[in-house]
Amino acid sequence: MSKSPSELSVLFFGDCVGKMGRLALAKGLPLLKDRYQADFTIVNCENATHGRGCSHEHYEELLKAGADCLTSGNHFYDSRDVFRPEYDFSKLVRPLNMGPKAPLSGSRVFNVNGYTLRITNLIGRVEVPGAQSNPFTDMDQLLATSSEDFHIVDFHAEATGEKRCLAEYLDGRISLFVGTHTHVQTNDAKILDRGTCFITDLGMCGADDSCLGMGKDNAIAKVAFGLPLPFQPLETGMARLDGIHAVLGLDHKGALIEPISFKVNIA
Ligand SMILES: [Fe+2]
Ligand SMILES: [Fe+2]
């Protein structure tokens with residue numbers, strides 16, 4: 001669709017899992033950015049390094065692939081690189097409500113086409129570790145002192161109900177609300193009553209023939225029998241890039257949100 005000069009075309013992809021996710025983004029993002037004429041592209045990177053966090057090397061790899069900003073989640077601390085001040089992580093946003101001692105920032109502002117775009121990451125409180133405070137009231141506090149043209153929130157959470165409640169709580173106050181963490185894309189992308197674009201979960205970027213991006217044998221042994229086996233790296237085969245394309249308008253009035261599930265063959 002054509003868009004007005006005051007609208008932003010945005011791509012947001014779900015949790016990047018391991019090498020397959022990184023390779024698929026490197027191969028697929030240039031094509032998708034061109035197809036959707038994207039002004040800004042975001043990727044959740046919490047599983048980019050062998051499923052556990054995002055090293056500084058892989059942070060740079062994902063930016064080189066075409067991401068303009070990376071968000072995170074409960075695996076944020078798994079790469080110790082985030083504690084090393086010599087590394088530039090200025091385009092990574094970790095969950096805002098991980099407490100005052102967490103390194104890096106939970107909300108950052110970018111300039112896009114002459115407009116200000118705020119990206120905020122939050123983590124849920126139902127069956128996911130890491131939250132140190134209430135994401136609802138933390139957003140109230142943030143919104144009381146911020147006035148950017150566009151605002152995108154990645155709510156990294158397990159429970160669909162918690163995600164929908166926060167999205168409705170923020171409807172009309174932010175431009176786009178996406179959920180991450182489950183690695184399974186939901187079939188409910190829509191524009192909420194007051195204009196906020198919404199999806200419960202983006203899905204993942206990683207191996208298609210897998211258990212949520214992980215090698216099947218070790219994942220089954222872990223879930224079925226409690227065996228503490230490591231994540232099996234997957235490096236070839238079909239990968240999927242799950243996410244959304246959204247066209248965001250001023251005053252948090254969304255024009256479009258549509259799911260993307262794009263297959264990439266990694267030879
Ligand atoms: Fe994840
Ligand atoms: Fe997660």
Side-chain angles (χ1 to χ4, degrees), residues 12-25 42-55 58-59 61-62 65 67 69-82 89 92-99 102-104 106 119-133 135 152-164 166-167 177-186 199-216 218-220 222-223 229-234 239-244 259-261:
F12 203 143
F13 292 91
D15 305 32
C16 171
V17 185
K19 189 170 184 177
M20 283 282 276
R22 302 194 312 271
L23 291 175
L25 285 162
I42 311 159
V43 175
N44 185 297
C45 71
E46 74 142 5
N47 307 113
T49 300
H50 317 303
R52 303 184 64 80
C54 184
S55 68
H58 295 156
Y59 164 85
E61 188 177 320
L62 291 173
C69 173
L70 303 176
T71 55
S72 191
N74 54 298
H75 288 289
F76 171 67
Y77 289 129
D78 289 352
S79 170
R80 310 304 285 176
D81 285 359
V82 299
F89 276 112
L92 192 152
V93 184
R94 51 87 176 151
L96 179 72
N97 54 330
M98 287 187 114
L104 308 184
I119 310 291
T120 301
N121 191 190
L122 293 158
I123 196 160
R125 297 185 294 174
V126 180
E127 294 189 5
V128 61
Q132 297 289 315
S133 56
I152 295 173
V153 170
D154 172 357
F155 187 36
H156 195 81
E158 176 72 28
T160 52
E162 188 184 22
K163 289 171 171 174
R164 184 61 182 258
L166 182 59
F177 177 104
V178 303
T180 55
H181 177 65
T182 71
H183 295 206
V184 178
Q185 188 176 72
T186 55
I199 188 169
T200 296
D201 204 292
L202 294 172
M204 68 156 187
C205 301
D208 192 32
D209 188 24
S210 69
C211 289
L212 307 186
M214 310 295 180
K216 290 189 279 189
N218 283 10
I220 292 167
K222 189 173 183 180
V223 172
L229 299 175
F231 167 52
Q232 290 168 289
L234 300 170
R240 58 189 303 129
L241 296 179
D242 293 335
I244 55 95
I260 296 171
S261 190

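Along the sequence shown, the residues carry numbers beginning at 1. In listed order, ligands and their atoms are each counted from 1.
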**Prompt:** Is the distance from the Fe ion (ligand 2) to some N, O or S atom of Glu46 under 2.8 Å?
**Reply:** yes
**Message:** Suppose we only count N/O/S atoms under 2.8 Å; would His75 qualify as near the Fe ion (ligand 1)?
**Reply:** no
**Message:** Within the 4.5 Å heavy-atom criterion, are Ser55 and Ser79 side-chain neighbours or not?
**Reply:** yes
**Nearest to the Fe ion (ligand 1) - the N/O/S atom of Asp15, by atom name** = OD2
**Request:** Give the intermediate values and the outcome of side chain to side chain donor-acceptor pair (under 3.5 Å) for residues Thr200 and Arg164.
**Result:** CA-CA 7 Å; Thr200 296; Arg164 184 61 182 258; 5.7 Å; no
**Item:** Test side-chain hydrogen bond (donor to acceptor under 3.5 Å, both in side chains) applied to Asp201 and Lys163, Gln185, His181, the passing residue
**Value:** Lys163
**the Fe ion (ligand 2) to nearest N/O/S of Thr180 below 2.8 Å** = no
**Request:** Give a rough value, rounded to 10 degrees, for the angle at the Fe ion (ligand 2) between atoms NE2 of His156 and ND1 of His181.
**Result:** 90°
**Asked** Just wondering, is there an N, O or S atom on Asn47 that's nearer than 2.8 Å to the Fe ion (ligand 1)?
**Response** yes
**Request:** Answer yes or no: is there a donor N or O on one side and an acceptor on the other, between the side chain of Glu162 and the main chain of Arg125, under 3.5 Å?
**Result:** yes
**Prompt:** Okay, side chain of Asn44, backbone of Asp15: is any donor-acceptor separation there less than 3.5 Å?
**Reply:** no
